[in-house]
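As a basis for the values below, the full set of heavy atoms in this structure was taken, side chains included, without hydrogen atoms, waters or symmetry mates.
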Amino acid sequence: MTRRVRLIVAALGTTGFAALLIAACFDLPGFGGAQHPYGDRVVHASLARRTANTIASVNFDQRAFDTLGEMSILFASVLGTVVLLRQTRDEHRAAPEPEQVALPVRRYALLALPVAVVTGLYVIAHGQLSPGGGFQGGVVVATALHLLYLGADYRALERIRPVGSYEIADALAASAYLVPGLAGLVAGTAFLANFLPYGTFNTLSSGGTVPLLNAAIGMEVACAVVVLLAHFLDQAVEIEKDDER
């Protein structure tokens with residue numbers, strides 16, 4: 001494909017996208033209005049399905065299929081990072097040298113680590129009840145583990161972060177998101193439709209399949225972020241070019 005053809009294709013695609021965007025903007029509710037048709041319907045559906053957190057109801061019930069796409073984007077991004085940052089032939093691994101850590105930093109990091117991990121797990125577990133959920137809680141858990149790098153050293157982080165295990169867990173979590181969807185098909189409903197009992201409002205067992213999908217997203221995001229940071233840290237700490245020896 002020549003440069004001219006690529007420019008023509010890009011111009012046609014951009015023009016079509018701009019036309020659709022402009023047409024959609026004309027049908028939006030008035031700016032600053034207190035009433036929004038989608039908002040009213042979303043809240044009503046969330047309450048009817050016993051999900052206290054409306055955002056969780058949208059993400060994992062009313063548009064769970066779209067959330068599958070968002071998770072796939074994250075999974076593909078991590079996979080691309082792993083491929084691009086893999087060790088090449090002109091690179092070697094050097095044992096990272098331990099660094100001196102200021103005592104206040106060490107104390108704070110090691111004290112905050114378990115608190116941050118528990119907080120992240122709490123955010124995931126209560127995603128259908130309160131603000132937060134799998135995406136937010138997964139990031140909190142993953143970054144909390146790296147407080148060990150700040151409070152101790154890189155080797156200590158490596159002991160609790162076997163990258164291969166997290167890569168496997170990431171793939172399993174992404175697959176686990178599909179299980180309720182396939183189970184819904186077996187139960188005679190649509191893919192990723194909520195087919196379980198809705199439970200009691202404002203309890204951990206409420207929301208039907210929402211807690212299951214939310215937990216799968218939390219595990220996938222946590223493992224994906226750990227793998228992502230691991231490869232960037234490897235480049236910064238361990239991997240060196242042969243001409244640097």
Side-chain angles (χ1 to χ4, degrees), residues 6 10 59 67-124 132-178 214-245:
R6 288 199 299 268
N59 288 340
T67 303
L68 172 61
E70 296 172 3
M71 180 190 68
S72 300
I73 292 173
L74 175 61
F75 185 83
S77 301
V78 174
L79 181 60
T81 301
V82 171
V83 173
L84 290 174
L85 296 183
R86 68 188 185 280
Q87 186 175 348
T88 58
R89 294 179 180 178
D90 62 340
E91 294 177 334
H92 71 282
R93 288 186 176 272
E97 296 293 335
E99 296 287 344
Q100 289 295 117
V101 181
L103 187 57
V105 174
R106 179 185 295 273
R107 288 175 177 173
Y108 176 78
L110 297 181
L111 287 175
L113 192 153
V115 176
V117 171
V118 172
T119 300
L121 294 176
Y122 179 91
V123 171
I124 295 174
F135 285 102
Q136 297 86 347
V139 173
V140 173
V141 172
T143 52
L145 296 178
H146 291 77
L147 288 172
L148 191 60
Y149 174 53
L150 299 178
D153 57 29
Y154 190 69
R155 293 178 182 176
L157 173 63
E158 284 185 315
R159 286 195 289 270
I160 67 167
R161 189 214 58 187
V163 179
S165 299
Y166 280 91
E167 290 175 342
I168 295 174
D170 186 16
L172 291 176
S175 302
Y177 190 90
L178 301 176
N214 179 63
I217 286 292
M219 182 178 177
E220 198 279 331
V221 171
C223 294
V225 173
V226 167
V227 173
L228 192 67
L229 293 177
H231 284 275
F232 278 110
L233 280 174
D234 283 351
Q235 290 288 326
V237 178
E238 283 192 284
I239 297 180
E240 300 177 354
K241 287 187 176 295
D242 287 336
D243 55 10
E244 295 178 356
R245 293 183 181 181

Exercise. Give, for atom CG of Asn59 and atom CG of Leu68, the distance between the pair rounded to the nearest 0.5 Å.
Key: 12.5 Å
Quiz item: In Å, rounded to the nearest 0.5 Å, how long is the span from CG of Leu79 to OG of Ser72?
Solution: 11.5 Å
Measure across [X] and [Y] and return the closest heavy-atom pair with its distance rounded to 0.1 Å.
{"X": "Gln235", "Y": "Leu85", "result": "NE2-O, 3.0 Å"}
{"X": "Ile124", "Y": "Ala215", "result": "CG2-CA, 4.2 Å"}
{"X": "Arg161", "Y": "Tyr166", "result": "CA-CE1, 3.7 Å"}
{"X": "Ala169", "Y": "Cys223", "result": "CB-SG, 3.5 Å"}

Side-chain contact, heavy-atom cut-off 4.5 Å: [X] with [Y]?
{"X": "Val163", "Y": "His231", "result": "yes"}
{"X": "Met219", "Y": "Tyr177", "result": "no"}
{"X": "Thr67", "Y": "Met71", "result": "no"}

Under 3.5 Å, which donor-acceptor pairs do the side chains of residues 134-148 form with other protein atoms, sequence neighbours left out?
| unit_1 | atom_1 | unit_2 | atom_2 | d |
| --- | --- | --- | --- | --- |
| Gln136 | OE1 | Gly133 | N | 3.4 |
| Thr143 | OG1 | Val139 | O | 2.7 |
| Thr143 | OG1 | Val140 | O | 3.2 |
| His146 | ND1 | Ala142 | O | 2.9 |

Quiz item: Given Glu220, which of Val225, Val78, Asp170 fulfils the side chain to side chain contact (heavy atoms under 4.5 Å, CB included) condition?
Solution: Asp170
N/O donor to acceptor pairs below 3.5 angstrom from side-chain atoms of residues 101-120, sequence neighbours left out:
| unit_1 | atom_1 | unit_2 | atom_2 | d |
| --- | --- | --- | --- | --- |
| Arg106 | NH1 | Gly151 | O | 3.2 |
| Thr119 | OG1 | Val115 | O | 2.7 |

